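Everything on this sheet refers to the single structure shown next.
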2 protein chains.
Amino acid sequence: MVIDFKQRTTVTLAEVAAAAGVGESTVSRVLRNHGSFSPKARERVLDAVERLGYVPNRIAGTLASAGSRLVAFVIPSLTNIVFPDVLRGAGGVLEENHYQAVFSVTDYDSEREETLVSAMLAWRPTAVMLAGFEHTEGTLKILRASGCRVVELLDTDGTAADLAVGFSNRQAGRASAEFLLRRGYRRLGYVGHDLDLDTRAGKRFTGFCEALNLAGSRLAGREIRAGASSVESGRAGLKQLLERAPGLDAVYFSNDDMALGGYFHCLSNGIAVPADLALFGHNGLDIGQAIPQPLASIRTPRVATGKLAAELVINEAPPQVADLGFELIEGATA
Amino acid sequence: MVIDFKQRTTVTLAEVAAAAGVGESTVSRVLRNHGSFSPKARERVLDAVERLGYVPNRIAGTLASAGSRLVAFVIPSLTNIVFPDVLRGAGGVLEENHYQAVFSVTDYDSEREETLVSAMLAWRPTAVMLAGFEHTEGTLKILRASGCRVVELLDTDGTAADLAVGFSNRQAGRASAEFLLRRGYRRLGYVGHDLDLDTRAGKRFTGFCEALNLAGSRLAGREIRAGASSVESGRAGLKQLLERAPGLDAVYFSNDDMALGGYFHCLSNGIAVPADLALFGHNGLDIGQAIPQPLASIRTPRVATGKLAAELVINEAPPQVADLGFELIEGATA
DNA sequence: TTGAAAGCGCTAACAT
DNA sequence: ATGTTAGCGCTTTCAA
């Protein structure tokens, strides 16, 4: 004899209705607290839910109602803390409103972005959140065709498809240069990671050079490293740069990770900061403020960006570009 | 006159079938490359899909087939890079297998964890991934009732509900202590963050103390900081500890973030590392290896944990505990 | 206030 | 190889 421990099929709304002695629609109304029902019906339903351990099936709910309450994030990286910060900002708001976050990672590859966006749309999300404005034609096309909201994050220098939340990287770059010039530095260098992939870093660099030109100055040296940003890359990058272009008095880095690497290079090699060499980063990470000399940087509104992005989507805000600005941290490395 | 730009209702499989002049099931078979169909049918279907810009609705597909291909991550934090690392490891594997990652963040609060797990189950995920073994009774109960796979991550010291992937924090703590003792340090201190919340850090500390006891030694001082780990907290923590317990020759930190803060404190205050004071962290973060003196630490298999966790779920592996071990980094701070 | 019933868009038998 | 059809578990009219 075979005892059939058949996988207990999960409890359905119909079973709850039966157990409570009411109709399915009543259960649905009670559970979503929508429409009208008697206190008595409510009680019986909740009681049955409790007894049976019913967990609503949102897959079914979504299919029936055509509103998924799923928000898709297609981000370049999880290693660069910038993106987890945005997710964190959005996460709180989404959760409060019973939305669910879904994500995938492009590794800064826009072809992959297209593939992933397309895969995401199969879940019929309420919105798709992307980094920046640079996407393939294909990505934009399928996004437009989908009819779902699109939020482009962490940039305002470009044309938004729908919603955009962030700050101007170009202006951040300019502000960084202006600060260094104001401080009296004249032989400025740059250490950055791959600018073609990280277009926002590219825009900062553009802004930085623009400000130099405006001041009748120009970059005295640059070192562009392949691959993503990292502390190690910043360290190696500064080393290279100083060998090739001696006599620099300040270096602008593509972000704080890179700048921290530069700082450590200076520490290791007896380069006095900022007396011998000034350093300037970007992002205003906490760790940059915890080193012996707080890093001069630009604090970016990462968490706030995620938060506002989620709010705009939830409130069905009209298409718009929200510039959250940034804040210059003078620090002690410049 | 009002032009009605009626929201174009999205294309359905039925429309594709009609356009291709085949039945719905043929479209379904072609699209999932499952079952049999003629090359000709295939071509007509793909053609129609292309023409109409059809994007399959996975909500509907999931409901019909009872396999969601959704994997839910309920993690303590996104700020602690450990968890993004795990997500990254899992993400690649999941994507290759057409699974989708969903996540929410508990902030190390197990009540919240319960709420979030419950909310996740409404999406009928294939698996739920959690940090560690410490969960409320309620969490375990709803998880068991759900019948979905459960993976507990980054710990092996405890009883697994189903699958577990990680390493032994307790052994990591012991190994850390043994290393410091072997190096000849005798007056050992500890700087940690909130151990009740981060139970894995707590287990490391336990293991550390055990090893000291075994060696007939004991902790010469400790500083436990409220809240989550951070560089700044480590810095302030070491400062406190050294004031209260002078004469220490080595300090063990709850993780690398904390240890980095300690290192910076030493740098700022002319404390020679390791001559005056040795430092030991945990996690083996890249940044710890990029500072002037590579941090002595334990490299943990974070990405590998995510990867294996995803693989086990996808392959429907039987319940098991996979210990991926860890690697001691001697570094230069001890 | 409540229940019956018609889908939502797809998959999976089951015929053919 | 392919089409027909019965659901998947809900939400939402629509009557009652």
Side-chain angles (χ1 to χ4, degrees), chain A residues 7-46 48-49 52-70 98 121-126 146-147, chain B residues 7-46 48-49 52-70 98 121-126 146-147:
Chain A
Q7 176 70 33
R8 172 85 187 79
T9 173
T10 46
V11 183
T12 67
L13 181 142
E15 300 178 66
V16 173
V22 301
E24 294 187 29
S25 46
T26 298
V27 176
S28 177
R29 284 187 287 252
V30 168
L31 258 28
R32 287 175 306 124
N33 195 26
H34 180 273
S36 57
F37 44 82
S38 60
K40 186 178 158 192
R42 185 187 127 91
E43 191 181 340
R44 298 175 62 175
V45 167
L46 295 182
V49 164
L52 303 180
Y54 171 66
V55 177
N57 183 333
R58 290 189 70 173
I59 297 280
T62 296
L63 182 59
S65 71
S68 79
R69 295 211 164 220
L70 230 33
H98 307 287
L121 289 175
W123 291 101
R124 299 295 187 267
T126 301
S146 76
Chain B
Q7 175 72 34
R8 172 86 188 77
T9 174
T10 47
V11 182
T12 68
L13 182 143
E15 300 179 69
V16 173
V22 301
E24 295 188 28
S25 48
T26 298
V27 176
S28 178
R29 283 187 286 251
V30 168
L31 259 28
R32 288 173 306 125
N33 194 28
H34 181 275
S36 55
F37 44 80
S38 61
K40 185 178 159 191
R42 185 186 125 90
E43 190 180 342
R44 297 175 62 172
V45 167
L46 294 182
V49 163
L52 303 179
Y54 172 66
V55 177
N57 183 335
R58 290 189 70 171
I59 297 282
T62 297
L63 182 59
S65 70
S68 79
R69 296 214 165 217
L70 232 31
H98 306 287
L121 290 175
W123 290 102
R124 299 294 187 271
T126 301
S146 76

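Computed from a predicted structure; not experimentally measured. Order of the sequence lines sets the chain letters (A, B, ...), proteins ahead of strands, with each chain counted from 1.
Formation of a donor-acceptor pair under 3.5 Å by the B:Arg42 side chain with backbone atoms of B:Val30 is not found in this model. Looking only at distances, no side-chain donor or acceptor of A:Arg58 sits under 3.5 Å from a matching main-chain atom of B:Trp123. Here the side chain of A:Glu43 pairs no donor or acceptor atom with the backbone of A:Lys40 at under 3.5 angstrom. Side-chain atoms of A:Ser28 do not come within 3.5 Å of backbone N or O of A:Glu24 as any donor-acceptor pair.
For B:Phe37 and D:dA1, the CZ to P distance is 9 Å, given to the nearest whole Å. As rounded to whole Å, 15 Å separates atom C1' of C:dG3 from atom NZ of A:Lys40. Distance CG (A:Leu63) to P (C:dA6): 17 Å, rounded to an integer number of Å. The nearest whole Å value for the distance from the CZ atom in B:Arg44 to the C1' atom in D:dT2 is 12 Å.
Of the side-chain N and O atoms in A:Ser38, one or more sit less than 4.0 angstrom from OP1 or OP2 of C:dT2.
Mapped onto DNA chain C by nearest heavy atom, A:Val22 and B:Ile59 fall at different nucleotides, with A:Val22 at the one closer to the 5' end.
Interatomic distance, OG1 of B:Thr26 versus CZ of B:Arg44, reported as 10.0 Å (0.5 Å rounding).
Looking at heavy-atom distances under 4.0 Å, A:Ala41 makes contact with sugar-phosphate atoms alone, never a base.
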Original post:
For nucleotides 10-16 of chain C, read 5' to 3', which letter fits each nucleotide if B means a protein heavy atom sits under 4.0 Å from the base, S means only the sugar-phosphate is that close, and - means neither?
Top reply: BSB----
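Contact between A:Ala60 and B:Leu63 at its shortest, heavy atoms only, is CB-CD1, 3.8 Å.
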